[in-house]
**Student:** 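The following block contains the structure, expressed as structure tokens.
Naming convention: chains lettered A, B, ... in sequence-line order (proteins, then strands); numbering from 1 in each chain.
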There are 2 protein chains.
Amino acid sequence: MKTIEIDEELYQFIAGQTKHIGENASSILRRLLKIDQPTLAKQNITAQKESHYTPFNDLLTSDTFTNEKSIINRFILLLSALYNYNPALFAIAATSLHGSKRQYLAKDKQLLETSGKNTKPREIIGTPYWVISNTNTARKQYIIESIMSDMGISETMINQVTNAFLP
Amino acid sequence: MKTIEIDEELYQFIAGQTKHIGENASSILRRLLKIDQPTLAKQNITAQKESHYTPFNDLLTSDTFTNEKSIINRFILLLSALYNYNPALFAIAATSLHGSKRQYLAKDKQLLETSGKNTKPREIIGTPYWVISNTNTARKQYIIESIMSDMGISETMINQVTNAFLP
DNA sequence: GACGAGATCGCAGGGATAGTTT
DNA sequence: CCAAACTATCCCTGCGATCTCG
């Protein structure tokens, strides 16, 4: 048996999940965590049935996106979707992303301009953010992946987006 | 804080879900159970009570640090935190640290440059100090450990920092 | 600062490793 | 002479932004 410390509120929550008198913490937690830890196979089925990444699925299958042949526009559309999916997480990921000299994303167009010699900032529509655009496709892809990963988005979803993004 | 008992296996499972060094059980469980984290205010109060190394814990769990993939930047961030934790102690540790020829830290960039042939001094942002950067990872780690040790920082904390620092 | 997108290529920085000193 | 400690050369990668092409 191991002992762990948890805060009062969480303790109350766990205690409230007791199924029968005298059920121990391990038993409760195992039950609760099982629900959240389905097998890989199950996860995929669930993902297909009802993903909690609905905004991306919607975007990826939308005509606006699929009909959009330019990398840049798909790039902006994706960033916009990411922001709207979770602005707070996006903000964190965005501010911590940079190259050796250039800042890749910021709310301030000027900041991007002054962080390099010819960064060509572009507004991310539907968003207070701007992105650098003077990069090759590989770097645009890296930016997307990096943001998604920092936002804690699943590997599977990232791959899906990557596939849809590339030509 | 409440204490609960769980079996070994479950403990290992939970420990394995750690997202960043020093994350506590409550935080991990809340993430897994999809419960909201307690408010920042609450967390800080607890943190202050629990550890007098708050600045390091803060840094190590900050997004700026955890999202930073380059060794050099993590190195600088740590030194900056160490200085701000206690400038006086840092000063003592810094001036007494050196190799056989090179001075590792100084307030004066030039001093570092002239103490070796290609030391590549880097400014420690938020600090009047500079560090040598032309070293391998092992030496950077040694510099961090050495400074912390000289500053009288606990073994446990040093280990925690080391873990967070290395790739 | 006004054509825009992005591939290509050159340069800089990071740090492993070969080499030197103690 | 060997080992350990330390240095800094130099290779390699990652990044920037010029330049080409639509």
**Student:** Are any of the side-chain heavy atoms of A:T66 and A:T61 separated by less than 4.5 Å?
**Tutor:** no

**Student:** Kindly write out the residues that satisfy side-chain contact (heavy atoms from CB on, under 4.5 Å) with B:T162, not counting sequence neighbours, or none if the list is empty.
**Tutor:** B:Q141, B:E145, B:I158, B:L166

**Student:** Please report, to 0.1 Å, the donor-acceptor pairs under 3.5 Å made by any side chain of residues 125-135 of chain B, with sequence neighbours excluded.
**Tutor:**
residue: B:S133; atom: OG; partner: B:K120; partner atom: O; Å: 2.6

**Student:** Which ones in residues 107-129 of chain B lie close to DNA chain D, meaning a heavy atom under 4.0 Å from one of its atoms?
**Tutor:** B:G116, B:K117, B:N118

**Student:** In whole Å, what is the span from the NZ atom of A:K69 to the C1' atom of C:dG6?
**Tutor:** 17 Å

**Student:** Grab the CD1-P distance between B:I72 and C:dA12 for me, whole Å please.
**Tutor:** 18 Å

**Student:** Please tabulate, one pair per line, each protein N/O and nucleotide N/O from nucleotides 19-21 of chain C that are separated by under 3.5 Å, including the distance.
**Tutor:**
none

**Student:** Reading DNA chain D 5' to 3', which nucleotide is the first, and which the last, to come under 4.0 Å of any heavy atom in chain B?
**Tutor:** D:dC6 to D:dT9

**Student:** Could you tell me which residues satisfy side-chain contact (heavy atoms from CB on, under 4.5 Å) with A:N136, sequence neighbours excluded, listed by chain and number?
**Tutor:** A:A138, A:R139

**Student:** Give a yes or no on whether the backbone of B:I143 and the side-chain of B:S146 come within a donor-acceptor separation of less than 3.5 Å.
**Tutor:** no

**Student:** May I ask you to list the residues of residues 130-144 of chain A, by number, that have any heavy atom positioned under 4.0 Å from an atom of DNA chain C?
**Tutor:** A:N134, A:T135, A:N136, A:T137, A:K140

**Student:** Less than 4.5 Å apart, side chain to side chain, heavy atoms only: is that true for A:F65 and A:L78?
**Tutor:** yes

**Student:** With A:Q110, which residues qualify under side-chain contact (heavy atoms from CB on, under 4.5 Å), at least two apart?
**Tutor:** A:D108, A:E113

**Student:** Tell me, please, which residues at least two apart from A:F75 pass ring pair (Phe, Tyr, Trp, His ring centres under 6.0 Å).
**Tutor:** none

**Student:** Using atom P in both nucleotides, what's the gap between C:dA16 and D:dC2 to the nearest angstrom?
**Tutor:** 28 Å

**Student:** Main chain of B:I124, side chain of B:Y83: is a donor-acceptor contact present, judged purely on distance under 3.5 Å?
**Tutor:** no

**Student:** Looking at residues at least two apart in the chain, or sitting in another chain, which of them share a side-chain contact (heavy atoms from CB on, under 4.5 Å) with B:L89?
**Tutor:** B:N86, B:M151

**Student:** Output every pair passing side chain to side chain donor-acceptor pair (under 3.5 Å) with a member in residues 87-100 of chain A, not counting sequence neighbours, ordered by first then second residue.
**Tutor:** A:S96-B:N67, A:H98-B:E68

**Student:** Check the pair B:L60 / B:Y53 against side-chain contact (heavy atoms from CB on, under 4.5 Å), numbers first and verdict last.
**Tutor:** CA-CA 11 Å; B:L60 297 185; B:Y53 295 130; over 6 Å; no

**Student:** Side-chain contact, heavy-atom cut-off 4.5 Å: A:R74 with A:I71?
**Tutor:** yes

**Student:** For A:R102 and C:dA12, give me the distance from atom CZ to atom C1', rounded to whole Å.
**Tutor:** 14 Å

**Student:** So what does A:Y104 touch, heavy atoms closer than 4.0 Å: a base, only the sugar-phosphate, or nothing?
**Tutor:** sugar-phosphate

